[in-house]
Amino acid sequence: MMTDLFSQFASTTSFGTPIILVAMLVPWLLFPTPSPKWVNNRLLTFQSWFLNLFTKQLLLPLNTPAHKWAFLLASLMVFLLSMNLLGLLPYTFTPTTQLSINLGLAVPLWLATVLTGFRNQFNHSLAHFLPEGTPAPLIPVLILIETISLFIRPLALGVRLTANLTAGHLLIHLISSAVSTLFSLSIAVSLLTFTVLILLTILEIAVAMIQAYVFILLLSLYLQENT
């Protein structure tokens with residue numbers, strides 16, 4: 001039972017190609033290419049409106065030097081949002097349920113924000129490790145605590161995204177299995193369980209969107225500290 005439950009998170013291969021690579025490339029193929037026409041269609045108009053709104057809201061609290069990251073953060077948001085939502089479709093694979101993928105995204109981007117801070121404002125970045133007015137006996141302890149909190153940030157980014165999506169997929173798998181099992185025993189209970197499944201699916205769509213936004217929002221906050 002446990003093997004079947006977690007087997008949905010295993011990346012299989014098809015014709016010698018890992019499914020995880022296909023699942024990471026498909027989101028980019030679904031987005032329309034810019035049209036040479038003067039008037040765009042509804043899909044392109046909605047895409048432009050969403051990207052402009054998201055970029056405006058994301059960069060509003062950031063300093064001007066951080067605006068260089070607008071294209072990277074917007075692209076990453078589209079990438080995560082697409083993978084999270086496509087992973088809710090039947091017979092699909094969600095790469096963002098893999099901790100290795102999420103850490104592979106979180107660690108380089110977090111490290112880039114830290115290196116940006118040390119390059120642009122070295123003294124200010126070092127000052128984060130030791131608050132002003134700290135008593136002398138507490139200096140080594142506070143430096144150790146601040147160092148641990150700094151290095152735990154990329155781990156928290158990756159684990160948060162992985163845990164939320166994995167938990168949702170497991171709940172959907174368990175409740176959908178219960179629907180098919182209870183159908184032969186009681187149709188009323190099965191319909192009630194199916195209603196719960198529909199509500200949970202709607203909740204998971206919201207979670208997939210929120211977690212992608214939270215990932216980018218936390219990265220922007222780390223970037224704000226270092227710019």
Side-chain angles (χ1 to χ4, degrees), residues 2 5-6 9 11 20 24 54-81 83-84 87 94-171 203-204 206-227:
M2 296 301 294
L5 190 61
F6 288 95
F9 303 113
S11 177
I20 190 170
M24 293 178 68
F54 170 74
T55 305
K56 180 180 178 181
Q57 295 296 325
L58 183 67
L59 300 182
L60 189 62
L62 298 181
N63 301 325
T64 303
H67 292 181
K68 301 176 183 178
W69 291 59
F71 179 76
L72 175 62
L73 294 179
S75 301
L76 185 60
M77 174 66 183
V78 171
F79 182 59
L80 291 176
L81 183 61
M83 286 196 300
N84 292 351
T94 312
T96 45
T97 56
Q98 305 294 313
L99 184 59
S100 58
I101 298 295
N102 296 332
L103 288 180
L105 293 173
V107 172
L109 292 172
W110 162 82
L111 185 59
T113 61
V114 174
L115 294 179
T116 300
F118 278 107
R119 186 189 64 178
N120 296 335
Q121 43 187 11
F122 184 77
N123 294 332
H124 181 72
S125 299
L126 286 181
H128 283 294
F129 293 94
L130 186 62
E132 186 178 359
T134 303
L138 295 179
I139 289 179
V141 178
L142 284 180
I143 292 178
L144 179 61
I145 293 175
E146 291 297 329
T147 303
I148 294 176
S149 65
L150 177 65
F151 282 96
I152 209 173
R153 285 180 174 182
L155 182 62
L157 275 178
V159 170
R160 181 186 292 106
L161 182 59
T162 303
N164 282 281
L165 295 180
T166 302
H169 283 65
L170 288 176
L171 284 175
L203 177 62
E204 279 306 306
V207 169
M209 300 171 64
I210 291 173
Q211 288 303 316
Y213 178 73
V214 168
F215 190 93
I216 304 300
L217 179 62
L218 291 177
L219 274 178
S220 66
L221 293 178
Y222 299 157
L223 182 62
Q224 182 181 8
E225 291 182 1
N226 292 282
T227 52

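Residue indices begin at 1 and follow the sequence shown.
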*Asks:* I need the Leu171 CG to Glu204 CD distance, nearest 0.5 Å.
*Replies:* 7.0 Å

*Asks:* To check you understand the geometry: which heavy-atom pair defines the closest contact between Ala212 and Asn84, and what is its length?
*Replies:* CB-ND2, 3.8 Å

*Asks:* Which atom pairs, one a donor and one an acceptor, fall under 3.5 Å between side chains of residues 150-160 and the rest of the protein, sequence neighbours left out?
*Replies:*
from	atom 1	to	atom 2	distance (Å)
Arg153	NH1	Glu225	OE1	3.0
Arg153	NH2	Glu225	OE1	3.2
Arg153	NH2	Glu225	OE2	3.4

*Asks:* Taking side chain as C-beta onward, heavy atoms only, is Met83 less than 4.5 Å from Thr94?
*Replies:* no

*Asks:* Is there a side-chain contact between Leu76 and Phe215 in this structure, where contact means two heavy atoms from C-beta onward sitting under 4.5 Å apart?
*Replies:* yes

*Asks:* Under the rule for side-chain contact (heavy atoms from CB on, under 4.5 Å), what residues qualify as partners of Leu115, not counting sequence neighbours?
*Replies:* Leu111

*Asks:* Under the side-chain contact (heavy atoms from CB on, under 4.5 Å) rule, collect the residues that match up with Leu217, sequence neighbours excluded.
*Replies:* Tyr213, Ser220

*Asks:* What distance do His67 atom NE2 and Leu73 atom CG have between them, rounded to the nearest 0.5 Å?
*Replies:* 11.0 Å

*Asks:* Hey, are the side chains of Leu105 and Leu161 touching, using non-hydrogen atoms and a 4.5 Å cut-off?
*Replies:* no

*Asks:* Report the residues that fulfil side-chain contact (heavy atoms from CB on, under 4.5 Å) with Ile143, sequence neighbours left out, ordered by chain and then residue number.
*Replies:* Leu130, Ile139, Thr147

*Asks:* Can you list everything that forms a ring pair (Phe, Tyr, Trp, His ring centres under 6.0 Å) with Phe71? Sequence neighbours excluded, please.
*Replies:* none

*Asks:* When rounded to the nearest 0.5 angstrom, what is the spacing between CG in Leu109 and CD1 in Ile216?
*Replies:* 7.5 Å

*Asks:* Distance from Thr55 atom OG1 to Leu60 atom CG, nearest 0.5 Å?
*Replies:* 12.0 Å

*Asks:* side-chain hydrogen bond (donor to acceptor under 3.5 Å, both in side chains): which pairs involve residues 102-116, sequence neighbours left out?
*Replies:* Asn102-Thr162

